[in-house]
Undergrad: 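Here it is: the structure, laid out below.
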Amino acid sequence: MTAEPIARVLIDSPLPQLDRLLEYRIPESLDGDARPGVRLVVPLRTGGRQAKGYLVDRVAEASFGGQLAEISEVVSTARVLTPEVYRLARRAADRAAGTASDLLRLAVPPRQVRIEKAWLGALDAAGRTGPALTPAEIAVAEGAPAPALDSDTIAVLRDPTAAAGDRRIALTAPQRLVEAGHGEWLPAGLMTLVGLAARTVAGGRSAIIAVPDYRDLDLVAAAAALVLPGEAIARVDAGRGAGERYRGFLRALEKRPALVIGTRTAVTAPAHRLGLIALWDDGDPLHAEQHAPGVHARDLALLRHDDAACGLILAAHSPSADTQRLVEIGYLRTVTPARSARRRIRPTTRAVGADEPGARARIPSIAWRAASEALATGPVLLQVARPGFDPRIVCADCGEAVRCRVCAGPVGVRRAGAAPSCRWCGAIAPAAPCTRCAGTRRRASTPGSVRTADELGRAFPGARVIVSDADHAHQQVEPGRTIVVATRGAEPIVAGGYRAVLLLDAERMLARDGLRVVDDCLRWWQNAAALAADDAPVLLVGVDGPVAQALATGTADELIAAELADRRRLRFPPAVRSATVTGTAPEVRAALEPVLALDGVDALGPVDTADGQVRAIVRLDYARGVDVAHELRAAVVAAATARAQRRRSTLRVRFDDPTAFDAALDE
DNA sequence: AGCACGCCGACT
DNA sequence: GTCGGCGTGCTC
């Protein structure tokens, strides 16, 4: 008999009733293989039902009073669930009223038998498949450029004995490109993260870098490959197939430091002696997880930092309102370039010259002349909006979006012919007088005509035209007389930077509704500006007002602070947390009742949704998070268990959905 | 989810 | 008397 014959097991099941540790006896025959972290098969109830699960840990005595069943099978000896990742899943699930196994489904990739067998075969007694870095490799990694941070800040971030508060940084990255070597150009902020991470690995600790999309990831991978050996890099994204993903995951699992790079799920990867966790552009919606329970990569990074006491850096050209909040409560300290070093984005009028080739494409004269001139020396970027329908109601006099008189939410029509209603609280025809001109006449907004690449290209005779959008994104463009037409977020990189950048659809982007319009526009435009050569003009076409002013004077950070102050006044995220509760009217009513009794909690709605259900948005102070999650979780379990109404439960809870307050309540 | 347990109507 | 209906509850 061994000392710890009881296995505590997490069943791989989305059922909230099963989201706890069940105890099983470990038979003598499996004693050696049944180590913490392995995948298991266990019986669940009688009748030969078998469930998959993870062995979380082993204990000497069972706390369960009843008869224990035995583990059926140890799937493999690979210990894929580390204690750190389990704790992360548990805490994140509790915070979001979800299940740990839902989180682990994202954190632990599906098993690939061939790859796992090869890896297990190569694993030595120390839990590694290869050597640590050589002194020469360490020297290269220690010399990796980290242009946006001074050596003191880097030293503190690397120092495990430094005060935790000093090791949490919000970096507003300088808006310029740097050359990593071998003709690889990337934003200075991304290079900084790679440089920081390379030093961390050189010092014997792992680092995680999570970026929004694959284009950023390719830049990071290329830069990392110049400063670290391939063996020290674990790429954990799903973009190159399940096999490569699992290979990267297993590399991260080894007992030697790695630079773990990937998209949002990288923050949940295993890491040997985690020393740094870095997020790039945390305001990008791609960092918001789509799968249940929908925990944002930023929140996972914060939890991970708290657990591992590692360095934490949230870096972006344009800080998110969430980062701003963390700065204001004193949780993050800022590293910001001097205002004089911020890139100026010049607003220009929308007045179009009549006799220029730019007129047909409705490019204002000043912008067209700047672009034509710049084209002689290299590529020019024209950033455009994605096409899309926008069913908002605006002031007929000045065009400002109309707000709800009840909650200040956007007012729109759900479908053609319907009465205008508030997208957030559901009030019918609630429009308040225009906030800009006090007018009361209304009209539907028009989406604005979409320019074609052809039109834009013809405005610049003799130039090569390259189109880059989400479907056909170009990573890089060669120097030359080239017009690059790109939708926001899909702008290619040019070595040395664009010679001019025109932000053409600024008016349409700013007129979109949604809670984060200002944050998004600042992010899109400052990210594009960061791709320009140092002295190249960046022109914001056809927009004035506070956003344009902030960009012109290099005070975007102050504008985000003002934006956050507004949200605080209105009780909107990220000043408060939110929980979207969807289901049948009685289910939602029952779920809301106990949480609305708590201080610092209120709700918008419920409103009817298109599929006959109702939706309410609970708003809660951060301090109420534990209580509200606990109550809503109890409501989900109750709804799943009590099947009084013969139908399976439809109650859903989603915390901190970034789109909750946007115009997505229809459909 | 499944599957067993449990307390009320029509069958040999 | 008892076979079986599905509402209710549990899964180590």
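In the text below, chain A, chain B and the rest are named by the order of the sequence lines, each starting its count at 1.
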Undergrad: Report the distance from atom CD of A:Q67 to atom P of C:dT11, rounded to the nearest whole Å.
TA: 13 Å
Undergrad: Identify whether any heavy atom of A:F64 sits under 4.0 Å from a base atom; if not, whether one sits that close to sugar-phosphate; answer base, sugar-phosphate or nothing.
TA: base
Undergrad: Of all residues at least two apart in sequence or in a different chain, which pass the side chain to side chain contact (heavy atoms under 4.5 Å, CB included) check with A:P257?
TA: A:V201, A:S206, A:H272
Undergrad: Write down the distance between CD1 (A:I11) and P (C:dT11), rounded to a whole number of angstrom.
TA: 12 Å
Undergrad: For A:L40 and C:dT11, what is the distance between atoms CG and P respectively, to the nearest whole Å?
TA: 19 Å
Undergrad: Could you give the CD1-to-C1' distance, from A:I6 to C:dC12, as a whole number of Å?
TA: 10 Å
Undergrad: How many whole angstroms separate atom CD of A:Q50 from atom P of B:dC3?
TA: 12 Å
Undergrad: Tell me the interatomic distance from A:L15, atom CG, to C:dG9, atom P, rounded to whole angstroms.
TA: 17 Å
Undergrad: With a 4.0 Å cut-off on heavy atoms, is A:R20 in touch with a base, just the backbone sugar-phosphate, or nothing at all?
TA: base
Undergrad: Measuring only between side-chain heavy atoms, which start at C-beta, is A:P43 closer than 4.5 Å to A:Y24?
TA: yes
Undergrad: Mind calculating the distance between CG (A:D57) and C1' (C:dC12) to the nearest angstrom?
TA: 14 Å
Undergrad: Need one value for A:P14: base, sugar-phosphate or nothing, where a base atom within 4.0 Å counts as base even if backbone is also close, heavy atoms only.
TA: nothing
Undergrad: Between atom CG of A:L120 and atom OG1 of A:T129, what is the distance when rounded to the nearest 0.5 Å?
TA: 11.0 Å
Undergrad: Using the six-membered ring wherever Trp is involved, compare the ring planes of A:H296 and A:H287 and label them parallel, tilted or perpendicular (cut-offs 30° and 60°).
TA: tilted
Undergrad: Within this structure, what is the CD-to-C1' distance between A:Q17 and B:dC3, rounded to whole angstrom?
TA: 14 Å
Undergrad: Answer yes or no: side-chain N or O of A:R45 and base N or O of C:dC10 forming a donor-acceptor pair under 3.5 Å.
TA: yes
